[in-house]
2 protein chains.
Amino acid sequence: MRISYRDVKAEILNRIRSNTWPLGTNLPGEIELAKEFGCARATMNRAMRDLVDDGILERKRKAGTKVKQSPVRQAQFSISIVREEVEQAGSVYSYSLIERELIPAPAWLRERIKVAKDAPILHLKCMHYSGKNPYQFEDRWINLDVVPAAREFDFEDVGPNEWLIQQIPFSTGELVFSATNAPESIARFLKAPVDTALFSVERTTWLEDKSVTYAQLYFARDHKMTTYI
Amino acid sequence: MRISYRDVKAEILNRIRSNTWPLGTNLPGEIELAKEFGCARATMNRAMRDLVDDGILERKRKAGTKVKQSPVRQAQFSISIVREEVEQAGSVYSYSLIERELIPAPAWLRERIKVAKDAPILHLKCMHYSGKNPYQFEDRWINLDVVPAAREFDFEDVGPNEWLIQQIPFSTGELVFSATNAPESIARFLKAPVDTALFSVERTTWLEDKSVTYAQLYFARDHKMTTYI
DNA sequence: TAGTGGTCTAGACCACTAT
DNA sequence: TAGTGGTCTAGACCACTAG
């Protein structure tokens, strides 16, 4: 049978786990290893690149490949549309707009996203539900300079999250996860006691070098985010 | 100049962003696209596989390649040793063992990890500090059937996290992120008021099909986990 | 400046799956 | 069962960087 890059990965991991190649070991070069494993150099290369992505090896030209001294595993999880999160859990999704206003960007927001001083910003508050249960409270700011169409959109039926993804798919951004004691203004909508610990996410989105939107998302109490590594 | 897979990726993203290929579009096959772009099929393949990893395309044999209807971005973050998290932030790391006991696994734990009914489990509580500030409270259970060496190790100077990574590098597992109101028993160590919202992580680790360890990690108040997408 | 990884190519065969 | 992606190979040249 021909050697697959998966076989190569598995064997390399075996050698690390079995201490044949302890943490920090310098591995032989691609060509030599490929010969030993009986595969092409490209196959060895793919296996090793994969292991770099997994946080297991380090490679540098000229210096060679070594087993990382301190394994840093890469955890991965997908950020999808709220609707789909809910529906994938087998529940019925619903959405409701709480507030919509057009105001100048407050100072604290201008520290987070780049936006002209007196330009009006669209501020939205909304709720996402899973069946009859609150699922997420969303507090969002949209830069109308970048997404002028938002000015005309009423967001009564479609959430800003879903709408923005259609407008600006695949933009880049930052995600910050943390825990927050629910203030009354949010606890009310999530039907939780004030000060309940809420899992929250701040999301900042850019399109090239322009700030598109900033959002604070608060999940209902006891929300969990799971990933496998 | 020769066409790089990065160029191909960039151009594909351009076409999606510029609506040349709207969400849901079926793309031409690899061979045809490679011809159009003037590169080898392997190059086109690598670009497209990368975009699948990024959550932008979907591919199925025979069916072909399409732009995902709902962009699901893959966020990534690295799970490292607590010591390194602290040191990378430029602080001095220190560690202290609070409690160490050998007891039969409680029932709730046996629901989470597979462990013999009357086998003794090593239970550890410890604190990690960043400079003089509390950084993380760790409540850990170690399966001695799988890691018998832990029975002899005192964990006075080295945390279980760090020790286990040396023993069983690159094991697989589950991570669950959530928010918790600090109970008194934990708040005390993190120097936070009772009920403060804490960012917390549960980690379950397997080695092949055996449960190695289960840990609940509670970060100090206002802890944030950041990632870029 | 030499050694190592990074990437491209052209060609081939295989595996899955829509129809 | 035919079409599309998945992967392997052998060979080549390039780019970065340790010594």
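Here is how names work: the chains are called A, B, and so on, in the same order as the sequence lines, proteins then strands, and each is numbered from 1. No hydrogens, no waters, no symmetry mates; every other heavy atom, side chains included, goes into these values.
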Mind checking if B:A63 touches a base, just sugar-phosphate, or nothing, with heavy atoms under 4.0 Å? sugar-phosphate
Between B:E84 and A:K68, does any side-chain N to carboxylate O distance fall below 4.0 Å? no
Using heavy atoms to find the nearest nucleotide of DNA chain D for A:A40 and B:I31 separately, return the residue whose nucleotide is more 5′. B:I31
Rounded off to whole Å, could you give me the NZ-to-P distance for the A:K60 and D:dA18 pair? 5 Å
Could you check whether B:S80 and B:S78, counting side-chain N and O atoms only, form a donor-acceptor pair closer than 3.5 Å? no
Span of DNA chain C in contact with chain A (heavy atoms, under 4.0 Å): C:dA2 to C:dT7
To check you understand the geometry: which heavy-atom pair defines the closest contact between A:E30 and A:M44, and what is its length? O-CG, 3.9 Å
Assuming nearest nucleotide by heavy-atom distance, tell me which of A:T43 and B:R2 is located more 5' along DNA chain D. A:T43
Distance only, no hydrogens: is a donor on one side chain within 3.5 Å (strictly under) of an acceptor on the other, for A:Y95 and A:E162? no
Looking at B:I121 and B:A105, what are the two nearest heavy atoms and their distance? CG1-CB, 3.4 Å
Paired to C:dG11 by Watson-Crick or G-U wobble criteria (both distances under 3.5 Å) is D:dC8
So what does B:R46 touch, heavy atoms closer than 4.0 Å: a base, only the sugar-phosphate, or nothing? sugar-phosphate
Strand partner of D:dA18, provided both Watson-Crick or wobble distances fall under 3.5 Å: C:dT1
Is B:I3 touching bases, backbone alone, or none of the nucleic acid, heavy atoms closer than 4.0 Å? sugar-phosphate
Between B:R41 and B:N45, a side-chain donor and acceptor under 3.5 Å: no
